[in-house]
Amino acid sequence: EKSGQMKSRQQQLLNEKVTWYDCIRDMERFDGVVLANEVLDNFAVHQVVMQEDLMEVYVDYNGHFSEILVPAPQVLKAYFGHLGIVLPRGYRTEINLEMKDWIRDIADMTRTAVVFTMDYGSGSAELYSPQRRSGTLLCYFQHARNDQYYLNPGRQDITAHVNFSALKYFGELSGLCFGGFTTQADFLLSLGLSAHLGNATAGAVGSTAQLRMLQNLLLDIGKKIKVMALQKGFTHPLRGMQFPAPLV
């Protein structure tokens, strides 16, 4: 309901500049740039646990929520096989399969395009490292972080980090070319943020708050958020990818 109200309000204010679609397949094929800022980390994920074999976490309810483990389907096992990942026993993590359909739809509906995905996450090696044996699934309720997935159902955000190695794999499988991977901080620096910072420093009253915001983009959030570019029909080097980060 709130989403519908927001869309109605936006249409009143921006109707001549913006067109709304519920699905990219409702559009005509197009040339352009696709920006996905913190989209994929909100997709539904499968939680899995490695025992003698890979098991998927299901949720039961009998007066309260409880977890049960069932043998994981082949599609989840194949995910790790494609990426060359072997999980140790007791390891719990997430698999985002919705990104496969998402990037395939974008590839199908574009002629010449660059897809920028900006999100919390990393490559497979870091995402499935020994330090992350419990996965990355987290909840946010009233601006506080927690791992109580079954509290406040429908009232708190649930998010998981993005596997950019998987996004690259699914993108290339759909016909896109890898255009680069970096941190948001280095992406912004490549696009000239240093000059902007210089202008803000030389500015008049009010620049302090702006500088704090920019420093946050560079030193805090900017190091955690990653940016990946996937390209179609466009092979020129991208300016924002001048300082690449390793993707393994």
* Do the side chains of Q47 and Y149 get nearer than 4.5 Å, heavy atoms only? -> yes
* Asked: Do S66 and D60 meet the criterion of a side-chain donor-acceptor pair at a distance under 3.5 Å?
  -> no
* Gap between atom CZ of F178 and atom CG of L247 - 0.5 Å precision -> 5.5 Å
* Taking only residues two or more places apart in sequence or in another chain, which ones pass side-chain contact (heavy atoms from CB on, under 4.5 Å) with Y61? -> F65
* Looking at Y120, is K224 sitting on its ring face, NZ or CZ under 6.0 Å from the six-membered ring centre and within 45 degrees of the normal? -> no
* **Under the side-chain hydrogen bond (donor to acceptor under 3.5 Å, both in side chains) test, residues paired with Y150 that sit two or more places apart** => E67
* To do: Output, in order, the C-alpha distance, side-chain angles, deciding distance and verdict of side-chain hydrogen bond (donor to acceptor under 3.5 Å, both in side chains) for N146 and Q156.
  => CA-CA 10 Å; N146 70 81; Q156 64 179 356; 3.2 Å; yes
* **same_hphob_cluster(W102, Y21) at 4.5 Å side-chain heavy-atom cutoff** => yes
* Pairing residues for A245 by the side-chain contact (heavy atoms from CB on, under 4.5 Å) criterion, not counting sequence neighbours -> F181
* **Polar contact flag, side-chain donor to acceptor under 3.5 angstrom, N163-S124** => yes
* Kindly determine whether H236 and F234 satisfy ring pair (Phe, Tyr, Trp, His ring centres under 6.0 Å), including the steps that lead there. => CA-CA 6 Å; H236 299 288; F234 181 86; 5.2 Å; yes
* To do: Check side-chain contact (heavy atoms from CB on, under 4.5 Å) between R133 and all other residues, then give those that pass, not counting sequence neighbours.
  => P88, Y91
* Just jot down the side-chain hydrogen bond (donor to acceptor under 3.5 Å, both in side chains) partners of D26, sequence neighbours excluded, or say none. => none
* To do: Please list, chain by chain and in numerical order, all residues satisfying side-chain contact (heavy atoms from CB on, under 4.5 Å) with V49, sequence neighbours excluded.
  => Q51, V57, L69, R92
* Asked: Any Lys/Arg nitrogen of R29 or D108 sitting under 4.0 Å from an Asp/Glu carboxylate oxygen of the other?
  -> no
